[in-house]
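The analysis underlying the following values was restricted to heavy atoms, covering all of them including side chains, and did not include hydrogens, waters or symmetry mates.
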Amino acid sequence: MKARTIMSHGLALATGLALAASFTRRNDTDQKAKDTAAHASNSASGPSSDRRRSKTAASTRTEEYQRAWNDLARQKMSEGRRRDLQWRLLEAWAMIDLEAALKAEMAEAPWAARGAFDKAFMAQPLASWKTLSKLGLGSMRNTVRWTQMVALKDPDAMISVIDEMPPSLQSYAADFLFSEVETDPQADALRKKLLRPGSITNQERDLALAWRAAPLRPQDSIRMEAWLDLPAGSERLNAMTGWANGSQYADLATLETDWAKVPAADREQAARLLLSQLSLGSEHVTFAIDRAIETGQWDMLRKLGGAPAHSQNLMEVEPETLATWAMQLPQRDELRAYFTDAVTPKLMADPAAGREWLESMPADSWQRDEGYAAIARASLARNRNQEEALRAIGSISNPAIRQRAREELRDWQVANDQREILHGE
C-alpha cells in the first residue's frame, strides 16, 4: 500500500511538472484537437455539448494540477528548487483555472507567485479581475501585480474597473496607467478615456488621479478661461482639473486673481480640485486648505489630511509663516494633521524656543496641547526619543488629547518593538 501511495504521489508530481513544462505545446495540441473534433462532428453535436466537454476537460486538468501541487509540498528538495517548481506549476495552472491557482498560492505559498499569474492576467484582464474580486481581491500583492500588468497591456480594461478598486489602489493604478506616457497629447488622449458615463463624483476622483499622475509641463498649464465658458459636463471637469493642477506653477497673486473669477456655483468643486492637485509640498497648499475650509469641504480635508497622507514636515513653507497660519485654523478633527505638520518645523527647529512659545499660550488652549502632542510625535518619529515624548505628553492639559498622545506612543512602541517605559525612568 505504501509503495503504491508513493508511486501515486510521484506520478501526480511528474504529471504536474510535465503540464507546467509543456503548457504552451499542450495548448497548441489541445486547440488542434478541438478544431479536428469540431470539423469531424455532425450537426447532432451542438454548442452545449462542446461546452460540457470543455468544462469536463478543464475540471480534470485542474484536479491534476491540484494533486501535483499537494505532492510537491511533500517532496524532499531544496527550498530554491521547490519554489522554482511551484512557480512554474502555478503559471501553467493559472491558465487553466486561475481561481484554484490563486487559492493554492494564497493558502500555502504566498511568496511563490510573483509574476506567475502574469500570463493569465494579461490573457484575460477582465475575467482575471473578476476572479480576484471574487476572492476579496485575493492577496493585495497579486491585485497590485494585476494592476501593473494590465495598465501597460490594456489601459481600457484598467479604466473600466478603476471605480471598483479600493481607494488605496486607485492612485497606484493611475500612476501605472500613465507610466509610459511621454507627451502631453498622449496624456490628454488617455485622460479623455476617463470621461465615460458615470457619476460626477467618480469622474472627479478619476480625473484628479489622472492629472496628478501625468501633469502638464509648466509652460503648458491650462488657464481658467479654458473651462469657464464650457457647458457643465465631463469636458469642463477635465479642463477645470487641469487648471487646478497647473496652479502649482503659478505665483500666489495669479492664483488669488483666478480664484476671484471662479463663479460661486463652482467654488466647492474648484476648492476640492485645488486641494487634490496641490501637494502638501507646494508653497500654495495653505491657500488650497483655506479655500476648502471656506467652502466646507470637510470630507475631502479628512481624506487628504488623515494619518496615512502625512509624515513630519510635509509642508515646505517657511516655519514661522506656517506656524502663524496654523494658529488661525479652527479646532476640528479634519484639520488636526494639517495643524501638526504646520507647527512641527517651528517646534523642532529650536525645541527650547518651541516650548517657550507653547507656554506663552493659555493653559487651556487647544493649540498649546496639540503643539505638545506634535512634539511627542516628532520626538518618536525623528529621534526615537521616548523620554522626550513622555515629557511633552505630561505637559498636555486636555485629557482627550493627552490620552490620544499616549495611545500614539504605545502604538509606536509596539510597531518598533520597544518596551513601555514610565515617565522619569
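Checked by atom type and distance alone, the side chain of E334 never pairs as donor or acceptor with a backbone atom of R332 at under 3.5 Å. When atom types are taken as modelled, the side chain of Q277 and the backbone of L273 share no donor-acceptor pair closer than 3.5 angstrom. A distance-only check finds a donor-acceptor pair linking the side chain of T131 to the backbone of A127 [under 3.5 Å]. Side chain of R191 to backbone of L207: no donor-acceptor contact under 3.5 angstrom is found. Formation of a donor-acceptor pair under 3.5 Å by the H284 side chain with backbone atoms of A250 is found in this model. Counting only distance, with no hydrogens or angles, the side chain of D206 and the backbone of L194 share no donor-acceptor pair below 3.5 Å. Side chain of E318 to main chain of T321: a donor-acceptor pair is present (N/O by atom type, distance under 3.5 Å, no hydrogens or angles). Checking side-chain atoms of E164 against main-chain N and O of V161 turns up no donor-acceptor pair under 3.5 Å. With hydrogens and angles ignored, the 3.5 Å screen pairs a side-chain donor or acceptor of N245 with a backbone N or O of W211.
Side-chain contact between M77 and L72: present, with at least one pair of heavy atoms (C-beta onward) separated by less than 4.5 Å. No side-chain heavy atom of Y249 sits under 4.5 Å from any side-chain heavy atom of L216. Counting only heavy atoms from C-beta outward, the side chains of W412 and R384 approach each other to under 4.5 Å. Between S247 and F287 the shortest side-chain heavy-atom distance does not fall below 4.5 Å. Using a 4.5 Å heavy-atom cutoff, the side chains of V150 and F176 are not in contact. Put simply, the side chain of S379 does not reach to within 4.5 Å of the side chain of L390, judged on heavy atoms. At a threshold of 4.5 Å between non-hydrogen side-chain atoms, the residues R267 and W259 count as touching. Residues L98 and Q124 fail the side-chain proximity criterion, which asks for heavy atoms closer than 4.5 Å.
To the nearest 0.5 angstrom, I375 atom CD1 is 11.0 Å from T340 atom OG1. The structure places OH of Y172 at 11.5 Å from OG1 of T143, a figure rounded to the nearest 0.5 Å. Here F121 contributes atom CZ and N142 contributes atom CG; the two are 5.0 Å apart, rounded to the nearest 0.5 Å. Taking CD from E235 and CG from N238, the interatomic distance works out to 8.0 Å, rounded to the nearest 0.5 Å. From S128, atom OG reaches atom CZ of R145 across 13.0 Å, with rounding to the nearest 0.5 Å. Distance check: R291 CZ to L255 CG gives 8.5 Å after rounding to the nearest 0.5 Å.
Counting only N and O atoms by type, the side chains of S133 and W129 include a donor and acceptor under 3.5 Å apart. Checking Q386 against Q413 by side-chain atom types alone, a donor-acceptor pair falls below 3.5 Å. Side-chain contact check for R205 and N202: at least one donor-acceptor pair (N or O, by modelled atom type) lies under 3.5 Å. A side-chain N or O of S234 and one of Q203 form a donor-acceptor pair less than 3.5 Å apart.
Residues I396 and R402 approach most closely at O-NH1, 2.8 Å, considering heavy atoms. Q75 and R82 get closest at one heavy-atom pair: O-NH2, 2.8 Å. Closest approach of I200 and L237 over heavy atoms only: O-CD2, 4.4 Å. Closest non-hydrogen pair, I393 versus R406, comes out as CG2-CG, 3.8 Å. The nearest pair of heavy atoms linking L275 to Y338 is CD2-OH, 4.5 Å. For the pair A392 and A376, the tightest heavy-atom approach, listed with the atom from each and the gap, is CB-N, 3.9 Å.
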Practice problem: Go through the steps for K193 and L190 under the test side chain to side chain contact (heavy atoms under 4.5 Å, CB included), then give the verdict. | Solution: CA-CA 5 Å; K193 291 187 176 184; L190 192 52; 4.2 Å; yes
Practice problem: Carefully, step by step, assess R141 and E105 under the rule salt bridge (charged side-chain N to carboxylate O under 4.0 Å, His left out). | Solution: CA-CA 12 Å; R141 184 190 65 259; E105 186 265 348; 2.3 Å; yes
Self-check item: Derivation of the side chain to side chain contact (heavy atoms under 4.5 Å, CB included) call for L132 and F117
Solution: CA-CA 11 Å; L132 286 166; F117 301 127; over 6 Å; no
Exercise. Output, in order, the C-alpha distance, side-chain angles, deciding distance and verdict of side chain to side chain contact (heavy atoms under 4.5 Å, CB included) for L89 and W69.
Key: CA-CA 7 Å; L89 193 58; W69 179 264; 3.9 Å; yes
Practice problem: Any chance you could lay out the side chain to side chain contact (heavy atoms under 4.5 Å, CB included) test for I293 and W298, step after step, and finish with the verdict? | Solution: CA-CA 7 Å; I293 293 172; W298 303 115; 3.8 Å; yes
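More than 12 heavy-atom neighbours from other residues, nucleotides or ligands sit within 6.0 angstrom of CD on Q170. Other residues, nucleotides and ligands contribute at most 12 non-hydrogen atoms within 6.0 Å of the CG atom of D229. More than 12 heavy atoms of other residues, nucleotides or ligands sit less than 6.0 Å from atom CD of E407. Within a 6.0 Å radius of CD in E294, other residues, nucleotides and ligands contribute more than 12 heavy atoms.
Ionic pairing of K192 and D188 is present here: one or more N-O contacts between side-chain nitrogen and carboxylate oxygen are shorter than 4.0 angstrom. A salt bridge between R236 and D266 is present, with a side-chain N of the basic residue lying under 4.0 Å from a carboxylate O of the acidic one. Looking at R404 and E370, a side-chain N of the basic residue comes within less than 4.0 Å of a carboxylate O on the acidic one, giving a salt bridge. Residues E91 and R88 are not paired through a salt bridge, judged by the lack of any N-O separation under 4.0 Å between the basic side chain and the carboxylate.
Ring orientation note: the planes of Y65 and W93 are close to parallel, at an angle under 30° on the 30°/60° scale.
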